[in-house]
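Here's the structure, in structure tokens; my notes come after.
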Amino acid sequence: MGLGLADVVATAAAVADAPARNDKVAALAELLGRADRRELSIVIGLLVGDLRQGRIGVGWSTVGSLDIEPVGEASIEVSEVDHAFDEIAFTSGDGSAQRRHDVLAALWARSTAAEQAFLGAVLTGGLRQGALEGVMVTAVAKAAGVPVASVRRGTMLSGDLGETAQIALGDGRAALDSIGLRPGRAIGPMLASTSASVADAMGEFDTAVVQAKLDGIRLQVHRSGDGVRLYTRNLNDVTERLPDVVALTRSLDGEPFVLDGELIGVGSESPELFQDTASTFSSGGGSGRVDLVLSVFDALHLDGEDLIDLPLETRLARLEARMGHVVLPTITTADVAEAEAFEAEILDGGHEGVMVKDVSSPYAAGRRGKAWRKVKPVHTFDLVVLGAEWGHGRRTGWLSNLLLGARDGDDFVMVGKTFKGLTDAMLEWQTAALKELEAEPVDGVPQDRAAITVFTRPELVVEIAIDGVQRSTTYPGGLALRFARVKAHRPDKIAAESDTIDTLRSML
DNA sequence: AGTTATGCTTC
DNA sequence: CTCGTCC
DNA sequence: GGACGAGGAAGCATAACT
């Protein structure tokens, strides 16, 4: 008898109900202890909402349209769920939508109400049990009786928690610790935290490496012999899409190697807009509208040697010696003024900002550490609230997502939405304030989500921070905000004095 | 053959 | 991608 | 400090619909 889906559902419920992380871990570890080797990847995939088969093309709309009577008694095994997901994932071509739907419906028809709800949550990314991969790593360690650090390390180097769990529980500590970086296999990329300024970021370090932050797509570049593999930040294999980058990679010295870099569209003088980089990237490189160029900023493995535990300074020296011509603009300095001058130069070149890194730090794969800090300019504007959407999940009952307008003469044109930057107190306040302003929508406000939207008179001013603007075909002003977040409500200001669409346009 | 709906992935 | 909240 | 979950914009792919 294999593990039942009902066992997984019961554990998920226990995890969701337990506020303390330790209790979540205990519940997960107990379940892992009951799974056999083959089931581990499946169970982990279900419970962290990241299936073994990746995304299978079933989302909110499909799940919501299923109206199938649940059964009273649980009978499905997790291996059967896995099999159904496999079938859905690998079916394509004419008529495939129907076949995929049939497989899903058959699964639903055999499920209890609780199982249907759980599977639906998994497929729509709505688990909300307060435990995803981070907690699961700890649970795997507990179930296997090994240190969390070992599991974390194995997961980052293998890029796969399910596989790591199989090794930890099945083969033991020694096998787990022998997982190593292997050119050709993706590894979790090191992530950065944010600093408000270069001076802030440098305050933490004796000496800093400062590098241009390019507004493109993170790319992990592997080469072993003639074998080349290219992975995105989320470890998706995009090798086939980027023949030019593959050719470049084959031309570099020092294989086997693993590099960390950024892929960016480059025009005659300045970098292209991110939109154009992304467009070219997703439609297959060579035939795109812009030239995609790889810039490298770190080396994890070079000349067949692991570098991740060596200081950044050493990694960069090795990188520079081997392939200096593909390394992006970099300086090493202890002087804040020098770093700021470099930042100004980079921004002047049309780039996004700079990264400030501790010169002595190892490559912390898969971690968001303080050794790397990103510094990007922030722009602030006074915009006007045109409406708000009711929130979901922990924001249920609050007006959450604000519809933002810029002034255009006496009118207002919508330029984006945001739900970010709001504290619970601000949500409470704006919910009451916006209800008072409820009105018919003004012109130029999309009404596709009218059912969950409260439209308002354009009166409440909000201070909005953005990273920049981008072209838009969905908003009437032809422009949309990038990474908008609320800094403050400004009921003391009047809408007639808010910022204009022309001011925003000047940023394009 | 063109348009629409849905899902996915980058930031 | 950003931010606030919670453990 | 780590982990989670709130939900954004653009652009592409695929299959169904018209």
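So that the names make sense, note that chain A is the first sequence line, chain B the second, and so on, each numbered from 1. Side-chain atoms are counted along with the backbone in the values below, which use heavy atoms only and exclude waters and symmetry mates. Note that this is a predicted model, so its numbers are computed, not measured.
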Check: So what is the 5' to 3' dot-bracket string for DNA chain D, if pairs are Watson-Crick or G-U wobble with both distances under 3.5 Å, crossing pairs use [ ] and | means the partner sits on another strand?
Finding: ||||||.|||||||||||

Margin query: Classify A:T194 by what it touches in the nucleic acid, base, sugar-phosphate, or nothing, heavy-atom distance under 4.0 Å.
Written below: nothing

Next item on the list: May I ask you to say what A:K376 touches in the nucleic acid, namely base, sugar-phosphate or nothing, with a heavy-atom cut-off under 4.0 Å?
Entry: sugar-phosphate

Next item on the list: Kindly indicate whether the side chain of A:V356, heavy atoms from C-beta on, has any atom under 4.5 Å from the side chain of A:V375.
Entry: yes

Notebook entry, point to check: Which of residues 414-431 of chain A sit near DNA chain D, with a heavy atom under 4.0 Å from it?
Noted result: A:G416, A:K417, A:F419, A:K420

Notebook entry, point to check: Does a donor on one side chain and an acceptor on the other come within less than 3.5 Å for A:Q211 and A:T330?
Noted result: yes

Next item on the list: Grab the CG-P distance between A:N401 and D:dG5 for me, whole Å please.
Entry: 19 Å

Notebook entry, point to check: Using a cut-off of less than 4.0 Å, is there contact between a side-chain N or O of A:Q470 and OP1 or OP2 of D:dA10?
Noted result: no

Margin query: Expressed as a whole number of angstroms, how long is the span from A:L28:CG to D:dC4:C1'?
Written below: 14 Å

Checklist line | A:R485: partners by side-chain hydrogen bond (donor to acceptor under 3.5 Å, both in side chains), with sequence neighbours left out | finding: A:D467

Notebook entry, point to check: By side chain to side chain contact (heavy atoms under 4.5 Å, CB included), which residues pair with A:T138, not counting sequence neighbours?
Noted result: A:V25, A:V148

Check: Taking the nucleotide of DNA chain D with the closest heavy atom to each, which residue, A:G126 or A:T473, is nearer the 5' end?
Finding: A:G126

Next item on the list: On DNA chain D, check which nucleotide each of A:Q129 and A:A278 is closest to and give me the residue with the more 5' one.
Entry: A:Q129

Notebook entry, point to check: If we only count heavy atoms from C-beta on, is the A:V384 to A:L404 side-chain gap below 4.5 Å?
Noted result: no

What does the list of N/O pairs under 3.5 Å between the protein and nucleotides 1-3 of chain D look like, with a distance for each?
from, atom 1, to, atom 2, distance (Å)
D:dA3, OP1, A:R152, NH2, 3.4

Next item on the list: Measure the distance from CG on A:L191 to P on B:dT10 and round it to the nearest whole Å.
Entry: 13 Å

Next item on the list: Look at A:N22 and C:dC7 and indicate whether a side-chain polar atom (N or O) is within less than 4.0 Å of OP1 or OP2.
Entry: no

Item checked: Reported CG-to-CG distance for the pair A:L481 and A:L383, which is rounded to 0.5 angstrom -> 6.5 Å

Item checked: Contact list for residues 59-68 of chain A, test side-chain hydrogen bond (donor to acceptor under 3.5 Å, both in side chains), sequence neighbours left out -> none

Notebook entry, point to check: Is any side-chain N or O of A:H392 closer than 4.0 Å to OP1 or OP2 of D:dG7?
Noted result: yes

Margin query: As a test of reading the structure: which of D:dG8, D:dA16, D:dA6 is closest to the side chain of A:R394, going by heavy atoms?
Written below: D:dA6

Checklist line | Under-4.0 Å side-chain N/O to phosphate OP1/OP2 contact, A:R449 with D:dG8 | finding: yes

Margin query: Using a heavy-atom cut-off of 4.0 Å across all strands, would you classify A:T277 as base, sugar-phosphate, or nothing?
Written below: nothing

Notebook entry, point to check: Between B:dT10, D:dG7, D:dA16, which nucleotide gets closest to the side-chain atoms of A:R128?
Noted result: D:dG7

Item checked: Pair A:D160-A:S158, side-chain donor/acceptor within less than 3.5 Å -> no

Scan nucleotides 3-6 of chain B against the protein and return all N/O pairs shorter than 3.5 Å with their distances rounded to 0.1 Å.
from, atom 1, to, atom 2, distance (Å)
B:dT6, OP1, A:S61, OG, 3.2

Notebook entry, point to check: What closest approach, in Å, do A:I264 and A:P271 show between heavy atoms, and which atom pair accounts for it?
Noted result: CD1-CB, 3.6 Å

Next item on the list: Determine: side-chain N/O of A:S279 to OP1/OP2 of D:dC12, distance under 4.0 Å, yes or no.
Entry: yes

Notebook entry, point to check: Of the nucleotides D:dC12, B:dC11, D:dA9, which one has an atom closest to the side chain of A:Y475?
Noted result: D:dA9

Checklist line | Between C1' of D:dA6 and CG of A:L399, the distance in whole Å | finding: 15 Å

Check: Which salt bridge (charged side-chain N to carboxylate O under 4.0 Å, His left out) pairs, counting each pair once, include a residue from residues 125-144 of chain A, with sequence neighbours left out?
Finding: none

Margin query: A:S472: which residues meet the side chain to side chain contact (heavy atoms under 4.5 Å, CB included) condition with it, sequence neighbours left out?
Written below: A:T474, A:Y475, A:A480

Check: Atom CG of A:D467 and atom C1' of C:dC3: how far apart are they, to the nearest Å?
Finding: 12 Å

Distance-only donor-acceptor pairs under 3.5 Å for side chains of residues 14-21 of chain A, two or more places apart:
none

Check: Where along residues 478-488 of chain A does a heavy atom fall under 4.0 Å from DNA chain B?
Finding: A:R482, A:F483

Notebook entry, point to check: Given the rule in the ring-ring contact (aromatic ring centres under 6.0 Å, His included) test, do A:F419 and A:W398 qualify, once you have shown the distances and angles that lead to the verdict?
Noted result: CA-CA 11 Å; A:F419 54 88; A:W398 279 327; over 10 Å; no

Check: Is there a donor-acceptor contact under 3.5 Å linking the side chains of A:N234 and A:T232?
Finding: no

Margin query: We want to know whether A:T91 and A:R99 form a side-chain donor-acceptor pair, criterion being a heavy-atom distance below 3.5 angstrom.
Written below: no

Next item on the list: Using atom CZ of A:R55 as one end and atom C1' of D:dT14 as the other, report the distance to the nearest whole Å.
Entry: 16 Å

Checklist line | Heavy-atom check, side chain of A:F85 versus side chain of A:L119, under 4.5 Å | finding: yes

Margin query: By the 4.0 Å heavy-atom rule, please label A:I56 as base, sugar-phosphate, or nothing.
Written below: sugar-phosphate

Checklist line | side-chain hydrogen bond (donor to acceptor under 3.5 Å, both in side chains) pairs, two or more places apart, involving residues 193-206 of chain A | finding: A:S195-A:R373

Item checked: NZ/A:K370: more than 12 non-hydrogen atoms of other groups inside 6.0 Å -> no

Check: Got a second to check how far A:K435's NZ is from A:T431's OG1, nearest 0.5 Å?
Finding: 7.0 Å

Margin query: Looking at B:dT10, I'd like to know if its phosphate oxygens (OP1 or OP2) sit under 4.0 Å from a side-chain N or O belonging to A:T232.
Written below: yes

Notebook entry, point to check: Taking the side chain of A:P19 as its heavy atoms from C-beta onward, which of C:dC7, B:dC11, B:dT9 lies nearest to it?
Noted result: C:dC7

Next item on the list: Tell me what A:N236 touches on the nucleic acid: a base, only sugar-phosphate, or nothing, going by heavy atoms under 4.0 Å.
Entry: sugar-phosphate

Next item on the list: Grab the CD1-C1' distance between A:I466 and D:dA9 for me, whole Å please.
Entry: 13 Å

Next item on the list: Please state how far atom CG in A:L508 lies from atom P in D:dA9, giving the value in whole angstrom units.
Entry: 16 Å

Notebook entry, point to check: Between A:S472 and D:dA10, does any side-chain N or O lie under 4.0 Å from OP1 or OP2?
Noted result: yes

Note to self: Does D:dC4 have OP1 or OP2 under 4.0 Å away from a side-chain N or O of A:K24?
What the structure shows: no

